[in-house]
Structures are given as structure tokens and as C-alpha cells.
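One structure is given here, and the rest of the page talks about it.
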Amino acid sequence: MALLVSGVEWLGEEEDPRPLVALALDLPVEALRRCEMVRRSLDARRRNKRWVANYQVEVEDEERALGRPGVRRWSERDEERYGRHEGPSTPRRSWRPGTHPVVVGAGPAGLFAALRLAEAGAPVTLLERGGLVDDRIKKVNAFWRRRADLDPESNVVFGEGGAGTFSDGKIYTRRRDGELGYIFRRLVDFGADERILTDGWAHLGTDKVRAILPAFRERLAQLGVELRFGACMEALLVEGGRCVGVRLRGGEELRRSPVIVAAGHSARDTYEALVEAGAAAEARTISIGARVEHPQELVDRARYKQPRGELPPASYRLAWHPPTGRRAHTFCMCPGGMVVAATNHPERVVVNGMSFAARKAFWANSAVIVEVSPTEFPSLDPLAGLRYQDAIEQQAWRLGGEDYSAPAQRVQDLLAGRDSAELPRSSYPHGLRSVDLRELLPAGVIEGLCQALKHFDRKLPGFSGPEALLIAPETRTASPVRFLRDEALHSTTVADLLPVGEGAGYAGGIASAALDGVRAADSLIRSHAG
């Protein structure tokens, strides 16, 4: 029987943990038959911050060990939280004649759906409107340098890896079992640091994501997946209430099915194609606001209350849930990161955040976003949220000077209701324009934003102080539409059509999108394979 030992000080990868684990168990080192770290995290509760780890162990004298603080028997719940097995296996199957799955989109949901299906022996076609990651990086860097070189089809949100390719690469989740265990293991197989299997707040880093994608692509090709980049789905082919394929931009028809549509949160034309094909959908609550940027050292001081030293750049996660009024929270916090231009449309301004794996940049940033109900959208149709977002992004373009500069305002000035006479230095590559954000964001969002900023300043001193800067707008935190699905993840109104991931309204990040893709693939394996 295994035991869980919690809260053991972690001294580093080069140090043997067994002496400290044995000390926690009050047993000699020789009594440890097995000792495996299952979780590592930073304990920030004490004055002297330190790394601590949890271990799964097997020992000779369990009863003696169980009397010690922080020691208990390994449970089914622990297996869910810490389990690191491969997840459900995907043996190769025989597939029904005529079955040829098509996956639209090579973000986390689409990549993992294609991988899972291919491992099970399915003949898979993966379509991606954008380019390969290396070409995509060149185009994004060119846009950030020259402003006028935006490629609407290969940019921060479209292309191999999806929007997560230009992000912090967060894969935060409490669990490592089942399909999540499968996802984490595959990421390690493709080059991710093995620490993602044990770190409580695991992240890949933008640079690491870029390195993982070519290995992922190579594995898909080895499994026989037909990979087509620069292939934009224009329409879904539906006959007799069943999806029988897709039509690509340019007119080519691929009469293959079932079809998994794994579009990201910015694929407006893909949403329109789904609705036009008859896929039932509904508008959903979204959150919008701005990026708040601080010097990383300010966040370190507020969180650690001591010199950072060898500790990692501090991060935070804050929420404001008032008894009445709008909820707000921080989202996609990027320690040691930068604010980036994230539009895929010419003449619109959208911001996001990203960090490289080392998180060494001078600044920290996070979205501060406020809930917006579908009742506030301009109409009641399922795609009304898109037009709500579009109007804000187009206004940001105009207020920013029509050159991709971003509207910005010091937090203190927003709270005081005055313009910012000058703006501090920022990581945003296209420059800033001083704007009263009340000219950009709806009044209800501004009210919720101000309340949240005051609350967050009490939680993290300096959050709304003189060094805090708002850069707007952050509008693409989630898809504003949800496509309705049955228990098998098929559209409720179109057979053999599976809308998945962030764009379908069922995920909110790399891990959850990948998980939705795996579950869609497993559904097809159950229904279409022998």
C-alpha cells in the first residue's frame, strides 16, 4: 500500500529527497522501498518562502509512518490529482467503411483529437488555415516590428498550435490522471520539460511551445495523418441532416466525415459556417476589459514580502465577486512577460499577454476582465457577441491613432476619472496612446473594472498604484458563442459534426481544449471503430 507524504522541503533536482522524506516519516532511509515526487509547489504562506513537494512512497513500517504529520494512505482522490499514468490506451482499431475523420484547426483541441484518432488507426485529415509554426513566428515578428504586415490567415491566433503558441503556455490543472495524464505524457514525449508532470502551476512558455510543435507534427505524419496547412474551411457540407464533408476556400470539396471543428476563439467565419450549416448555437456570457501591467519587482514585493532571490517571478490570481454588480477576475497572468498585439483582423486592436519559459522580462501583466451578459449584446442571435467584441476592437483602432497603437491609461487616473498626462514605459510592441478608457469600454464594464481594481489593490498592495498601467482592449478571453452538443459531443442538430474546444464554447486554455479534443476523438472511436 502506498502512502502520501505532504509538505517535504524540496532542495533542488540535484539533491536526493529520500533523507528528508525519511525524516518526515520518522524512518531510516533504508525503510523506503519507493519514493516518487508527485507534486512540487512554492509555499508562500511563511515568512521564509520555500519549495515543498509531495511524495508517493512505499515503506516497510506503514503504521509507524501513518502517525506522522502530513502522512496518510494514498487514496483514489490522490490518484485523480497526482496520477501520472498514460491514461486510457488507444489500441489500433478497424474502422467502418467510408469513415475518414476531418479535423478543422491545429490548436490544442485539433492536434490532440487528430493524434488520438491516428493512434487508434483512423485515416485522419487535419486542416489548418494558418502556417507552420516557424513561418508563423516570422510573420508575427514582422507585424510587431512594422505594424503593416499583418497576415489575416497566419498570425497570433491562427496557425499551428493555435493562440496558445503565443502565450505563457499555462497548463494549470489539479489532475494528472486519465485523459489529462495522456495529454501531459504526450507533451513530455514531444519535448516539454518533465517538471510539468509534478509542478502544481505548470507552464510551458512560449518558446517551449514552439519547440514542441514540430515534434508533434512529425508524429502525426508518422501515423499517417494528412496535414494541410493554408487550408481554410469555407463551409460544411450537410446532406439529410448529416455532415458529409467540408468545402475549402477556393472551392475544393473534401467529402469525408465525421468532421471535428476545433476552431479557436477568434475564428468568426468558422462560427458563421457552423450556424449556416444548421448547428444549434447560443450566445454566452463573456468577459472583457484590459491588460494591467506592472514592474515584475512590484509583484514580487507584494507576494513574497522579502527579496525574491532564487524564487521564481511571483504570480497572482485574483477575483471580485460582489453581492450585487458584475463579477471580475484576473486571467492569463504572465510573470516576467509582455503585452502583445493579438488581432487577426486589419484595422482592429486586441491585446493579450505572453511569457517565455524563463519569465525574465522586466514586466508582469494580466488581463483584468469583467463579465458581460448576452442581454447586453446588440441583438439576440447566437453570433451577437461577435459584433459586440468587434465594435470595441474597431473603436480601439480609431482611438489608438489607426496604427495599431493601443489605448492605455494609468490605473490611478482611471479611478480618479482623469486623462493620463503621460504613460510609463511598456512592453507592448506597437506603442501606446493615452486614452480615457471610458471612451472605449462600455459603462458597465468600466464600473466593474474600477470596483475590481480597488479590491485587488487591497489583496496585492500596489496593484492599483502609480506604477500600474492599463492597456486595452482584452476582448478575446473566450468564445462569445456555444454550439450545443449531445452526450457524444455531436451537434444536437447536425449528425457527424463535433464542435470542440475554445471556439465551440467548451474550453478555456491549452489543457481544457486538448482534453475536449481527446474526448471528441474517443467518442468517434466508440461509435465508428470496431
* Asked: Looking just at side-chain N and O atoms, do S315 and R359 make a donor-acceptor pair shorter than 3.5 Å?
  -> no

* Test item: side-chain donor near acceptor, S420 and D413, under 3.5 Å -> yes

* **Which atom of G110 lies closest to which atom of L126, heavy atoms considered** => O-CD1, 4.2 Å

* To do: Search all heavy atoms of G131 against all heavy atoms of S154 and return the closest pair with its distance.
  => N-OG, 3.1 Å

Would you give me the side-chain donor-acceptor pairs under 3.5 Å for residues 228-235, sequence neighbours excluded?
residue : atom : partner : partner atom : Å
R228    : NH1  : E252    : OE2          : 3.1
R228    : NH2  : E252    : OE1          : 2.9
E234    : OE1  : R247    : NE           : 3.3

* Structure fact -> Residue pairs passing the ring-ring contact (aromatic ring centres under 6.0 Å, His included) test with at least one member in residues 407-428, sequence neighbours excluded, are Y428-H430

* Kindly state each residue pair satisfying ring-ring contact (aromatic ring centres under 6.0 Å, His included) with at least one member in residues 365-389, sequence neighbours excluded. => F377-Y388

Could you tabulate the donor-acceptor pairs under 3.5 Å formed by side-chain atoms of residues 461-475, not counting sequence neighbours?
residue : atom : partner : partner atom : Å
S464    : OG   : L453    : O            : 2.7
E474    : OE1  : R291    : NE           : 2.9
T475    : OG1  : E393    : OE2          : 2.7

* Asked: More than 12 non-hydrogen atoms from neighbouring residues, nucleotides or ligands closer than 6.0 Å to CD on Q394, yes or no?
  -> yes

* To do: Count the heavy atoms of every other residue, nucleotide or ligand shown that sit under 6.0 Å from CZ of R425, and state whether that count exceeds 12.
  => no

* **Pairwise side chain to side chain donor-acceptor pair (under 3.5 Å) hits with a residue in residues 366-375, at least two apart** => S373-T375

* Pair listing, side chain to side chain donor-acceptor pair (under 3.5 Å) test, anchored in residues 445-461, at least two apart -> none

* Asked: Can you list every salt bridge (charged side-chain N to carboxylate O under 4.0 Å, His left out) pair that touches residues 322-343, not counting sequence neighbours?
  -> R326-E376

* May I ask you to check whether Y316 and F456 place their ring centres under 6.0 Å from each other? => no

Report yes or no: does [X] contribute a side-chain atom to a donor-acceptor pair with the main-chain N or O of [Y] at less than 3.5 Å?
| X | Y | result |
| --- | --- | --- |
| D436 | E439 | no |
| S355 | P335 | yes |
| S512 | G508 | yes |
| Y271 | H265 | yes |

Between [X] and [Y], does at least one N-O distance fall below 4.0 Å, as a salt bridge requires?
| X | Y | value |
| --- | --- | --- |
| E422 | R410 | yes |
| K305 | D300 | no |
| R217 | E160 | yes |
| R485 | D516 | yes |

* Asked: Hey, mind stepping through N344 and R476 against side-chain hydrogen bond (donor to acceptor under 3.5 Å, both in side chains) and telling me if it holds?
  -> CA-CA 11 Å; N344 59 301; R476 306 282 185 91; 3.0 Å; yes

Partners meeting salt bridge (Lys or Arg N to Asp or Glu O under 4.0 Å) with [X] (sequence neighbours left out):
| X | value |
| --- | --- |
| R433 | none |
| D135 | K139 |
| E402 | none |
| R129 | E153, D269 |

* Can you say whether the rings of F112 and Y182 are parallel (under 30°), tilted (30 to 60°) or perpendicular (over 60°)? -> perpendicular

* For D390, check side chain to side chain donor-acceptor pair (under 3.5 Å) against everything at least two apart and list the hits. => R268, R348

* Rounded to the nearest 0.5 Å, how far does CG of N155 lie from NE2 of H345? -> 9.0 Å

